[in-house]
Amino acid sequence: MKTILSLAALAAAVVGAPAFAQSDAPLPSVSVRHADLDLSNPRDVKRLDYRIVHAVTGVCGTASSADPEGQTNVQRCRVETLAAANTQRAALLAAVPSRAVLASAR
C-alpha cells in the first residue's frame with residue numbers, strides 16, 4: 001500500500017493561469033504521509049484529514065485581503081484540490097479493513 005497521498009493543485013491553473021499556461025512548470029503538489037497512521041482508528045483518520053487540509057492550504061497558498069479576485073481563486077483552488085484529495089482519501093480508506101471485521105474474524 002502506498003504511504004502517501006499526492007495532492008496536486010488542480011485548480012492552480014486558475015490561480016496562476018497566465019504563469020502556468022505559458023510555461024512547462026509542473027503544477028504545485030504535495031504528498032501527505034500516512035504510513036504512521038492506523039486508518040482503522042477514527043482518531044488517526046481525523047489526523048489524516050487534518051494533514052490533508054493543511055496540505056491543501058499550503059499547495060493553494062493565500063491571497064492578500066486587498067485582492068478579492070486572488071482570494072476567490074485561492075478558495076476555488078482549495079475546494080477543487082480538496083475534492084480531488086477526498087477521492088484519494090476515500091479509496092485509501094476503502095482498502096483498510098475495519099475493526100469490526102477484524103473483531104469478528106477472531
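Please read all numbers here as calculations on a predicted model, not as lab measurements.
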Item to check | Heavy-atom closest pair, residues Gln71 and Ala63 | outcome: N-CB, 3.5 Å
Item to check | Nearest atoms (heavy-atom pairs only) where Ser40 meets Val96 | outcome: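 Result for this residue pair: N-CG1, 3.7 Å.
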Value rounded to 0.5 Å, distance of [atom1] in [X] from [atom2] in [Y]:
X     : Y     : atom1 : atom2 : answer
Arg47 : Asp38 : CZ    : CG    : 10.0 Å
Gln88 : Leu92 : CD    : CG    : 9.0 Å
Thr57 : Leu82 : OG1   : CG    : 8.5 Å

Checklist entry - Does Asp67 have any salt bridge (Lys or Arg N to Asp or Glu O under 4.0 Å) partners at least two apart in sequence or in another chain, and if so, which? => result none
Next on the checklist: Could you check whether any side-chain heavy atom of Val45 comes within less than 4.5 Å of a side-chain heavy atom of Leu37, counting everything from C-beta outward?
Outcome noted: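 No - every pair of side-chain heavy atoms lies 4.5 Å or more apart.
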Checklist entry - Side-chain contact, heavy-atom cut-off 4.5 Å: Thr62 with Val74? => result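 No, side chains not in contact.
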Next on the checklist: One thing to verify: whether Arg51 and Asp44 come together as a salt bridge, which I'm taking to mean a side-chain N less than 4.0 angstrom from a carboxylate O.
Outcome noted: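 Answer for the salt bridge query: no.
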Checklist entry - Are Asp49 and Lys46 close enough for a salt bridge, meaning some N to O gap below 4.0 Å? => result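 Looking at Lys46 together with Asp49, the answer is no, because their closest N to O distance does not fall below 4.0 Å.
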Checklist entry - Do Leu93 and Ile52 belong together in a cluster built from hydrophobic side chains that touch within less than 4.5 Å? => result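 Both belong to a single hydrophobic cluster.
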